[in-house]
**Q** 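Just dropping this structure here.
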Number of protein chains: 2
Amino acid sequence: MIENDGREAIDRADAVSGKTRDALRAAHLYYMQDLTMDAIAHELHTSRSSISRLLSHARASGLVEISIHSPLDLPSRIEQEILERHEVRAHVVPVPDHASDVDRLDRVALSAARILGQYVDSNQAIGVAWGSTMSAMSRHLVPKATHNTEIVQLNGAGNVRTTGILYASELLRRFGDAFGARVQQFPVPAFFDEPATKQAFWRERSTRRLLDLQSRLDVALFGVGSPFAEVPSHVYQGGYLERADYQALSRDGAVGDVATVFYRADGSTDGIGLNERATGPDFAVLRRAPRRICVVSGRAKLPSLRGALAAGLITDLIVDEGTARALVDA
Amino acid sequence: MIENDGREAIDRADAVSGKTRDALRAAHLYYMQDLTMDAIAHELHTSRSSISRLLSHARASGLVEISIHSPLDLPSRIEQEILERHEVRAHVVPVPDHASDVDRLDRVALSAARILGQYVDSNQAIGVAWGSTMSAMSRHLVPKATHNTEIVQLNGAGNVRTTGILYASELLRRFGDAFGARVQQFPVPAFFDEPATKQAFWRERSTRRLLDLQSRLDVALFGVGSPFAEVPSHVYQGGYLERADYQALSRDGAVGDVATVFYRADGSTDGIGLNERATGPDFAVLRRAPRRICVVSGRAKLPSLRGALAAGLITDLIVDEGTARALVDA
DNA sequence: AAGCCGACTGAACATATGTGCAAGGGTGTG
DNA sequence: CACACCCTTGCACATATGTTCAGTCGGCTT
């Protein structure tokens with residue numbers, strides 16, 4: 001049996017690399033030499049359909065990378081303005097104003113997933129938060145081969161409901177798969193019931209290991225939550241917070257959260273009680289990551305976004321056009 | 001009149017930048033968000049045809065860049081072998097064995113033109129030779145915006161026939177246009193009749209300026225000539241060389257040339273008489289350029305290619321598959 | 001050996017994209 | 001103002017690409 005398994009693995013690897021080789025060649029012929037799929041099929045002694053599939057595979061697996069460069073003399077006015085006002089590099093995703101929130105989120109997530117490849121590289125620790133934005137992104141990641149890269153869960157997810165949302169572990173796994181990276185789970189609830197429990201947990205050596213990883217991230221990736229928007233992000237639907245928690249947040253003046261840590265419009269977090277029980281990294285820790293990518297879609301998140309900007313949490317922002325416009329208009 | 005011209009230029013620039021803006025947006029929607037052209041047409045309030053054309057424009061003008069990455073663990077065996085044997089980074093262009101020489105040249109040139117973008121950047125001096133390979137490349141360059149970059153002609157072209165081949169100035173202009181670069185022409189014949197004339201010319205200050213530029217190149221781009229192959233490169237058809245010249249080259253053991261400078265199979269050039277009258281840069285000068293890109297297609301050029309490799313002229317090689325295979329086989 | 005499974009293929013069809021063409025709008029010219 | 005010119009547009013058609021489906025193959029189990 002063992003020998004059989006070994007043999008099978010080798011065969012499969014060969015088959016895969018043969019496929020990759022073909023895909024690479026087809027991609028050259030198609031994208032570099034502008035041959036038609038028909039012509040390629042002829043050269044590779046197969047059918048046109050197979051070439052079509054092979055090319056799809058080549059794109060989906062990141063063999064072919066398509067990038068878009070604005071000419072240097074024509075940076076989008078909005079991106080320019082965001083850069084000047086907030087010292088944040090913005091990617092504005094064009095989305096028509098009349099698009100639904102679901103559409104908008106999907107389209108921003110799709111673009112973000114494709115842009116992400118630029119930021120991910122070998123030998124990095126990449127912190128990933130958890131939420132509907134990250135979930136949508138995780139479904140569109142373009143694979144990119146890396147070595148020795150780790151995906152680190154930023155905040156606990158405990159208590160997940162199955163209402164269509166992804167389990168955090170599944171979400172993280174997708175990131176890990178896409179980049180050939182190890183995944184470091186953080187098996188705690190999103191919020192502890194008691195601050196004391198959190199503190200106790202935080203002293204555990206296994207927890208310390210993860211916190212240590214979090215403090216040495218190269219890239220952090222997150223959305224923002226807006227607890228008081230009409231369409232609250234799903235952390236607020238999943239039953240993580242009680243009515244009393246909302247009241248407390250409201251009283252404390254919180255306008256949003258990043259990885260379950262809440263902040264006010266001015267970016268401050270001091271004295272927001274709930275944070276004592278939250279599992280996400282302290283902003284001082286988060287800000288150690290040289291690149292902090294925030295993905296936001298929908299005007300409803302504007303106040304949260306402003307707060308996160310005020311807190312200096314963001315170095316790179318991926319945002320839909322309408323929200324970007326609203327951000328610079330006011 | 002002057003005011004009119006000015007006004008028109010502004011309008012046209014606005015129109016262009018408006019077009020670029022649209023193209024950029026369409027490209028985002030198409031390549032990042034996977035919308036169909038129909039959908040984009042709807043979003044941009046125009047017809048599908050216009051979007052098709054806009055996207056063609058976006059690709060042709062370098063707004064959209066498509067690149068192909070081999071996974072790091074699967075570098076083409078041939079490229080790997082060339083790297084090990086010759087310390088040269090190879091790009092092997094897949095071309096079927098039965099392709100005609102014309103096809104082969106075209107396809108290599110097309111690929112090379114697209115690869116070239118990776119090497120060209122702002123504030124560079126780029127030396128460009130002259131021949132059928134460069135001519136074919138020049139017709140497929142993908143524009144890339146640069147500042148303060150110069151295209152420097154490597155060797156004289158005098159005496160051009162109009163038999164379908166491009167005038168050198170036209171060829172250089174295409175490179176210049178593609179990269180928004182100044183073009184430095186070298187208005188001398190390919191070969192002088194008398195070494196003394198060349199030496200005299202070389203003392204002229206205007207010539208010195210250009211020779212100086214040539215000695216400070218960042219990138220050099222050239223093919224190889226093979227005077228004794230069945231299908232001689234067109235330098236040998238244009239009536240540049242006399243029967244006596246060929247005999248001399250043969251006697252001196254020359255196997256090829258780079259920018260009109262001839263060399264033997266072992267890469268040596270000493271004592272090859274014709275070089276006294278040639279206008280291309282001495283190899284010692286050429287080798288100062290940190291990147292020296294050679295584009296070769298067709299097995300007939302194999303001996304020339306070997307010689308150029310022996311001479312250490314090449315740092316980056318773009319070559320068709322058949323020739324690459326022949327190179328490593330023997 | 002028979003049978004199941006999954007992965008892959010090519011033919012046929014469905015869809016998406018590219019292009020020739022005639023029409024319209026703007027601009028400079030006589 | 002009429003005209004020629006050039007550029008752009010959208011339509012209709014031609015072509016290229018994507019996808020479904022039924023069939024094949026090899027590996028594995030029963």
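Note on naming: letters A, B, ... go to the chains in the order of the sequence lines (proteins, then strands), and numbering restarts at 1 for each one.
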**Q** What is the distance from CE of B:M37 to P of C:dT19, rounded to the nearest Å?
**A**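 Atom-to-atom, B:M37 to C:dT19, this comes out as 10 Å.
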**Q** Starting at atom NE2 of A:H42, determine the distance to atom C1' of C:dG10, rounded to an integer number of angstrom.
**A** 15 Å
**Q** Sequence neighbours left out, what passes side-chain contact (heavy atoms from CB on, under 4.5 Å) with A:Y30? Give chain and number order.
**A** A:M37, A:I40, A:L55
**Q** Taking only residues two or more places apart in sequence or in another chain, which ones pass side chain to side chain donor-acceptor pair (under 3.5 Å) with A:Q118?
**A** none
**Q** Find the distance A:H57:NE2 to C:dC8:C1' and express it as a whole number of Å.
**A** 13 Å
**Q** Going by atom types alone, do B:S49 and B:S52 pair a side-chain donor with an acceptor below 3.5 Å?
**A** no
**Q** Could I get the full list of side-chain contact (heavy atoms from CB on, under 4.5 Å) partners for A:N148, not counting sequence neighbours?
**A**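 Partners of A:N148 under the side-chain contact (heavy atoms from CB on, under 4.5 Å) test: A:N123, A:R182.
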**Q** Mind checking side-chain contact (heavy atoms from CB on, under 4.5 Å) for A:A60 and listing every partner two or more places apart, or none if nothing turns up?
**A**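 side-chain contact (heavy atoms from CB on, under 4.5 Å) list for A:A60, sorted by chain: empty.
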**Q** Can you sort out the partners of B:E43 under side-chain contact (heavy atoms from CB on, under 4.5 Å), two or more places apart, ordered by chain and number?
**A**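 B:E43 satisfies side-chain contact (heavy atoms from CB on, under 4.5 Å) with A:P96, A:R107, B:L29, B:L35 only.
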**Q** Residues of residues 44-55 of chain B with any non-hydrogen atom less than 4.0 angstrom from an atom of DNA chain C: list those, numerically ordered, please.
**A** B:R48, B:S49, B:S52, B:R53
**Q** Using rotation axes that map the C1' atoms of four end pairs onto the next four (five pairs an end), what angle separates the end axes of the helix from C:dA1-D:dT30 to C:dG30-D:dC1, to 10°?
**A**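 End-to-end axis angle for the helix from C:dA1-D:dT30 to C:dG30-D:dC1: 10°, rounded to 10°.
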**Q** Of the residues in residues 26-36 of chain B, which ones touch DNA chain D at a heavy-atom distance under 4.0 Å?
**A**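 Residues of residues 26-36 of chain B that come under 4.0 Å of DNA chain D do not exist, since none gets that close.
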**Q** Looking at D:dG18, I'd like to know if its phosphate oxygens (OP1 or OP2) sit under 4.0 Å from a side-chain N or O belonging to A:R59.
**A** yes
**Q** Who are the side chain to side chain donor-acceptor pair (under 3.5 Å) partners of A:H91, not counting sequence neighbours?
**A** A:Y119
**Q** So, using side chain to side chain donor-acceptor pair (under 3.5 Å) as the criterion, who are the partners of A:T323 when residues are at least two apart?
**A**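 Side chain to side chain donor-acceptor pair (under 3.5 Å) check on A:T323 returns A:D320.
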**Q** Quick one: closest heavy-atom pair of A:L54 and A:A23, and the distance?
**A**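 Taking every non-hydrogen atom into account, CG-CA, 3.7 Å.
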**Q** If the condition is side chain to side chain donor-acceptor pair (under 3.5 Å), which residues does A:Q124 pass it with, not counting sequence neighbours?
**A** none
**Q** Nearest-Å distance, CG (A:D38) to P (D:dA14)?
**A**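 Taking CG of A:D38 and P of D:dA14, I get 18 Å after rounding.
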**Q** For residues 109-119 of chain A, pull every pair meeting salt bridge (charged side-chain N to carboxylate O under 4.0 Å, His left out), keeping only residues two or more places apart or in separate chains.
**A** A:R114-B:D34
